[in-house]
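FYI, side chains are in, hydrogens and waters are out, and symmetry mates aren't considered; it's all heavy atoms of this structure.
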Amino acid sequence: MEETLSRIVADLDELRPPPAASSSSLLQPPPPPVPESTLSDLRRLVGAGDPDLLDRLFEDLASRNLPPSSLAQCIGSAMDAGGNPRLSLLASDVYLSLLLSPNAPVLSLFAPMAFVSLLHSVRKSVRSRKAAPEEDSGSGARAPAKSKRKGGRRGSGSRNSRGVGNDGVEEGEIDERLFFAVLEKLVLVMDLIHLDRFPDSLKSLVHTVAELPTMVPDSFCNPIVHRKLTNLCSQLLRAALRPEHGDQAHSAAEVLKSLSPLIMLAKSEVRTFALSFVTNCMVDAGKECEGIKKAVVNLRKYLVQKAPEKSELRALAVESIMEIFRALEYGDRVSFVEYVVKMTEGKSSFRLLAVDLIVPIVMSLKDPLGVQANEANDPWGLRCLQVLIKRGSDSNSAIRARSLSNLVHLVGFFANDDRSCKILKEVLGIGDGVSRKTEATINNLLKIRCLDEKAAVRKAALNLVTKLTSFYSGSFDEVLLKTMGMACSDPLVSIRKAAVSALSEAFRKFPDGIVATEWLHSVPRLISDNESSIQEECENVFLELVLEKISRVRLAGSPHNYSAPYKLHDKEKDFERQIDLLFPNGALGLLREICNGEVVPWIKKICKSLGKKNQLRPVVATALQNMIKASESLWLSQSLPIKEWTAPQGAWFLLSEVSAFLPNAVDWQFLHHHWQLLDKTRLECEIKTPLTHGDWHDDHDDVEPCSVTWAGDRVFLLQTMSNISLELPPDPAADLAHNLLKRIEGFDMRPTEVNAHVKVLRTVCKQKALSAAEADALILRWVRQLLSKATQVIGKYISENTQANEEGSFFTPPRSGNRRGRRSMATSELLPQATIAAYTVGSLVIVCPSVDLSTVIPLLHKIITSGDLHPKSKLLPAPQVSLKDVAASLYIQGWLTMGKICLIDGKIAKRYIPLFVQELEKSDSAALRNNLVVMMADFCVRYTALIDCHIAKITRCLGDPCELVRRQTFILLSRLLQRDYVKWRGMLFLRFLLSLVDESEKIRELADFLFGNILRVKAPLLAYNSFVEAIFVLNDCRAHGGHYSSQSSQSESRLFSIRGTDEISRSKRMRIYTCLLKQMAPEHLLATFAKICAEILAAASDGMLSIEDATGQSVLQDAFQILACKEIRLPTSRNSTLESPEMDDESNGSGGTSPAAAKGRVISQAVRKSLIQNTIPIFIELKRLLESKNSPLTGSLMDCLRLLLKDYKNEIDEILVADKQLQRELLYDMQRHESAKARSEAAETVAVMGKSGNNHTPQASNAPSGVLRQSKSSNELQSNSRVASALADATAEATARSVLGEVNRGTSTPPLSSLKVPKVRSCNGATGSRGAPSNRPREVLESLRRQPFGSDDEG
């Protein structure tokens, strides 16, 4: 070691600075670094652990006038050497070893600059190791060359190969053992030095230690190694908090500030280390030091200020804040709660963060609602709930959604505690015991938010309704219920799912009444939804809430237990009461609502789908049979006539649907008994005038309700019998077939009954026949039999009607008498039978298409053509009277039957389809037109090519005067369009547009759904391609050569246009325009903007579109309104931090930059460019043209231009950079137009004020009502400065004109107190008293009279 010691001293003596440099006191150059060989020798010397050698080292250095501070400076220079990080780390290790050596002069060796250099070397070593793999992967040839240059700097004879180099660590890399040795020695050195005099050194230490876990290389990813690093960092940070290193409050603040970026990181070991140090070490230290505690308490507020806006990072920030929150004492927690509540009144980012913090805060503290508190106070938990409710109406959609979602979590959190639920009900304003002041607090909010424009808000509101359902008592809010039903038709899948869940939860809580009705009208229809998951959910809730509830009815008691003697006139009421007691839980009401006409199609689909999946249980069919049996027994037990009994409404319908998949669960004896009962009652309640169309559930004034219900029950009973016909024994099946055939031959049933009988008869024949050929032959035989009898009945009626018409036809005047009256009576009696016979023919044709129709087609032809009376000779009167007039039901039924025949025979269809189209155009019967539209839709599916040329005539029914025909046409054509049987071409799309503004609300809803949901996906370019043409068509404008060529007659164009410049017509057209614009993508909005400018505005300025024509002016005015509406405007990039992304179902609510925001900025730039290049020149040219013609459209143009440039007011210089004079003229014209507009508004107000008070006597003008109206008008106008100034000018002008008028009439001027203008001084400076005559000279008034009052705009 003696040689090593001598070499060290000699090397250090060589590093002594020259005398000239040492004499200078300013800008001293840094001392030369200690060579690596010397550092290696120093390391071996210190590592030997011999105190005597170290004492001799410091003595030898002192003898050569080298103080320890000089040694520290040289080692510091080596630590600052940037060439080799390993050399810097070696110097740091030697420096720390010298400070830790026994009897070392610590005060002399320690230097702030050297300490900072040490920290710098540690950071540099980690960075170099982290960057090394990147350099190696970037170029494989660089590493050897770099190593060669570094090795050759000292030459091959250097002592560079000694020391650390022998450990096998290459240059440019760090030795992991050496790195941790430096950190461990640094921890020990912190016990020897005091950094209170060197705050910068302490700050550098804290920042370095806090950054180390984030800077470690990949080799430190080993959990054991990383844990060792974080432990050392924790020890260093704890040491920095000791009082000997300075004020602990400042040190704690510096440590927390350095750790805050780590706390805000994504989930990682680094974040865990930072949070663990704060929540464990610093919180424990805060118990002993108030300064540290205060710093930790303020850290939450600091993190709030630094929290990011993106949802994922914001959630991590909330989690970090809550971990610190839980580690603090109760008092500090409550103070932070108050701070969070105040945050909800701040800017949007703070409000959003506060809303997210409230939920974990409330859940983390004990008794937040003050349930266990004895004294009456205002618990902070209630304030948090009130804040969330208030933020549910925030202007920012993200905050609204988050507040409602957090309310969902809190409601679920408190739902398990009865006392908390009671307090929660009072806060939310629901349930019992709620005062009128707070009543329906949350309900009013939910009604609005369920219809919010943002999808995330709607979804959160529906989820909250689901959670709150258990809190409701009494009745459910009807308006909120309707709102939930509307949400089931939302365009987004997630919203529909949430609506189904909310309605189903309400149905579970309130199984009857309006909830059941709304559920059945909203949820079952989703069985036809495009989303399979929604279909499955619909099936599951129907199975749970409907079928299982009905299946539980079988457990009810026997009806004989409820018999009791009541008065006769109360028996029916008693029956209603007893039947409700017999079937509780709303089962009867549920069945009654199931058979509603709007619900029936969806129930059929659901039952069919469940049956195919084998999810229908036999107990459902058993329960329905028990309900029918129990109802009959209860009726008979009270001695009521059986002919007036009806089964529970809907029971037979549901049984007919489920029996198709549960045939073994239905008892044949039960069906046979009720078949005989219903057939017997049919004869007693026979309907004298059968209906030719209509459903079994319709109400009819001329038919007894009992007979209508029995007819419907017979139909469903027959369907049930058809479903179980395979299980019938041979003899009952033969008897059933014989009875069915006899009833059909009577031709005295309702049409629906005829269909049911025919279908059951066919099913029985097929089930019981030994082979398919035998079944077909059997069916053909009875079909021919029925067809022959039906032909005879129809022929007999036609012949009788012809004879009755021929008698007296050739006599003038026509003969009349008893004979003709008897014949007419006989004919009228045959009409119902002939009508049912014609209907039966149609049913037979569908069942057996191969039957010979040669005898019946001539009769049907005679019926449907009887309305066309074209006698060959004009000299004689027509020998016929049209069946259309005397037998309308038979006439309509003839068309229906002929349509069914055409569906099975293409040759007949080719001949008769033109007749159908002709009758559709000229018929004055809405019922016939409705049926013809249905037939034409069927023809379109079967004979697409034949119907294609008649589509334009069919679409005329979209403008039919009958609402039913319009709705039917719309629905049928929509289905054909979706299935591609009809194409969106020609005028079809344009005619569909009028359905958006139809008089019928149902048609408008259907149109909104078609355009908003179906076409938006199926034909996204349709609205864009037809938009400009729609403007011309809706205005019936033919003044443009390139648009709206004569594709239709003038009458048709009038029918499908909304002509006129009145407010109603304009609003209807704008309603259509805005609906189409909402379907377009941003790029299509931009293209539509350009097309309107090029094809309408430019065409008007070029003379192609006549502005002299009324329709041309209307088109131009519509174009101005469209360009100014908000739907065509694209969102700019301003103020788009939180609301820039659309918060739809797939949106994560993140703010800041996103692909959607970037796309929006690109489109915004395109809009500005389009404005520069195209729009402004067109507007300027058109403005000049309109001004030259003194057109009233100039105002509309200026309004449009002002709104377009409103968002680009600062860019007007850029837009009009080519012509400054034009820019000034445009701005002046805009200001002038606004001034004139304000003056016009003021003049209207003055006129109203004059009518209300100034046109009366001075005493009458002071009436309270006039004053109130005047003050109200004035207050509304004072909000606009231009309007206010114009109001003053116009008021003065109107007053002057009024004064002149009274002078000319010789009346005296009223006192100034009665005038609504400021008092003015007279010529001598005095003010007139109340009621005194005016002192104004008459000459002044005469001068005013002679002075013209023109417009101020002339100046």
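With a 6.0 Å radius and a threshold of 12 heavy atoms from other residues, nucleotides or ligands, Lys1091 has its NZ atom above the threshold. Residue Asp980 qualifies as enclosed at atom CG: its count of foreign heavy atoms under 6.0 Å is above 12. Under a cut-off of 6.0 angstrom, the local environment of NZ in Lys1018 is crowded, with over 12 non-hydrogen atoms contributed by other residues, nucleotides or ligands. Environment of CZ in Arg975: sparse, with no more than 12 heavy atoms of neighbouring residues, nucleotides or ligands closer than 6.0 Å.
The ring pair (Phe, Tyr, Trp, His ring centres under 6.0 Å) check on Phe1179 picks up nothing, with sequence neighbours excluded. A search for side chain to side chain contact (heavy atoms under 4.5 Å, CB included) contacts involving Ile448 returns nothing, not counting sequence neighbours. Under the rule for a side chain to side chain contact (heavy atoms under 4.5 Å, CB included), the partners of Ser528 that lie at least two apart in sequence or sit in another chain are Trp602, Lys605. Every residue two or more places apart in sequence or in another chain that forms a ring pair (Phe, Tyr, Trp, His ring centres under 6.0 Å) with Tyr1073 is listed here: Phe1027.
With Arg1004 contributing its side chain and Glu999 its backbone, the two residues share a donor-acceptor pair below 3.5 Å. Between the side chain of Ser1065 and the backbone N or O of Asp1062 there is no donor-acceptor pair closer than 3.5 Å. Side chain of Ser1026 to main chain of Ala1023: no donor-acceptor pair is present (N/O by atom type, distance under 3.5 Å, no hydrogens or angles). For the pair Arg991 (side chain) and Ala952 (backbone), a donor-acceptor distance under 3.5 Å is present. Ser1101 contributes a side-chain N or O that, together with a main-chain N or O of Ala1098, makes up a donor-acceptor pair within less than 3.5 Å.
For residues 934-948, the pairs satisfying salt bridge (Lys or Arg N to Asp or Glu O under 4.0 Å) are Asp948-Arg985, with sequence neighbours left out. Note on residues 920-969: pairs passing ring pair (Phe, Tyr, Trp, His ring centres under 6.0 Å), not counting sequence neighbours, are Phe916-Phe939.
Nearest heavy-atom pair across Cys488 and Arg496 is O-CD, 3.3 Å. Scanning all heavy atoms of the two residues, the minimum distance from Thr969 to Val965 falls at OG1-O, 2.7 Å. The minimum heavy-atom distance linking Leu1123 with Cys1200 is given by the pair CB-SG, 3.6 Å. Contact between Cys902 and Ala909 at its shortest, heavy atoms only, is O-CB, 3.6 Å.
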Stepwise, does the ring pair (Phe, Tyr, Trp, His ring centres under 6.0 Å) test hold for Phe970 with Phe992?
CA-CA 8 Å; Phe970 183 89; Phe992 260 81; 5.2 Å; yes

Under the side chain to side chain contact (heavy atoms under 4.5 Å, CB included) criterion, do Leu1034 and Leu994 qualify, and how do the steps go?
CA-CA 9 Å; Leu1034 292 176; Leu994 264 71; 3.5 Å; yes

Output, in order, the C-alpha distance, side-chain angles, deciding distance and verdict of side chain to side chain contact (heavy atoms under 4.5 Å, CB included) for Leu1182 and Leu1193.
CA-CA 10 Å; Leu1182 186 58; Leu1193 296 176; over 6 Å; no

Show the numbers, then the answer: is there a side chain to side chain contact (heavy atoms under 4.5 Å, CB included) between Leu977 and Leu1010?
CA-CA 11 Å; Leu977 288 164; Leu1010 175 68; 5.8 Å; no

Carefully, step by step, assess Leu1077 and Ile1122 under the rule side chain to side chain contact (heavy atoms under 4.5 Å, CB included).
CA-CA 9 Å; Leu1077 291 173; Ile1122 293 169; 4.2 Å; yes

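Considering only heavy atoms from C-beta on, Leu928 comes within 4.5 Å of Leu932 through its side chain. By the 4.5 Å heavy-atom criterion applied to side chains, Lys482 and Glu518 are counted as neighbours. Thr955 places none of its side-chain heavy atoms less than 4.5 Å from the side chain of Met987. By the 4.5 Å heavy-atom criterion applied to side chains, Gln1117 and Ser1196 are counted as neighbours. Leu972 has its side chain out of reach of Met936: every pair of non-hydrogen atoms, C-beta onward, lies at least 4.5 Å apart. Counting heavy atoms from C-beta outward, Arg1066 and Gln1121 have side chains that approach closer than 4.5 Å. Side-chain contact between His521 and Asn596 is present, with at least one heavy-atom pair separated by less than 4.5 Å. In this structure, the side chains of Ile863 and Trp895 stay at 4.5 Å or more apart for every pair of heavy atoms.
For the atom pair OG of Ser995 and CD1 of Ile1003, the computed distance is 6.5 Å after rounding to the nearest 0.5 Å. Between Asn930 atom CG and Met935 atom CE the span is 9.5 Å, to the nearest 0.5 Å. Taking CZ of Arg967 as the start and SG of Cys957 as the end, the distance is 14.5 Å to the nearest 0.5 Å. With rounding to the nearest 0.5 angstrom, the CG atom of Asp529 is 9.0 Å from the OG atom of Ser489. To the nearest 0.5 angstrom, Phe1120 atom CZ is 4.0 Å from Leu1197 atom CG. Here the CZ atom belonging to Phe989 is positioned 7.0 Å from the CG atom belonging to Leu1015, to the nearest 0.5 angstrom.
For the pair Glu919 and Arg929, the salt-bridge criterion is not met [side-chain N within less than 4.0 Å of a carboxylate O]. Using a cutoff of 4.0 Å between basic side-chain nitrogens and carboxylate oxygens, Asp1008 and Lys1078 are not scored as salt-bridged. Checked for salt-bridge contact, Arg458 and Asp490 meet the test: a charged N lies under 4.0 Å from a carboxylate O. Note on Asp960 versus Arg966: no salt bridge recorded, every NZ/NE/NH1/NH2 to OD/OE distance being 4.0 Å or above. Ion pairing between a basic and an acidic side chain is recognised when a charged N comes within 4.0 Å of a carboxylate O; Glu921 and Arg956 show no such pairing. A salt bridge does not link Lys1068 with Glu1063: none of the charged nitrogens is closer than 4.0 Å to a carboxylate oxygen.
Side-chain atoms of Asn1035 and Arg1059 include no donor-acceptor pair closer than 3.5 Å. Judged purely by distance below 3.5 Å, without hydrogens or angles, the side chains of Thr1074 and Glu1127 never pair a donor atom with an acceptor atom.
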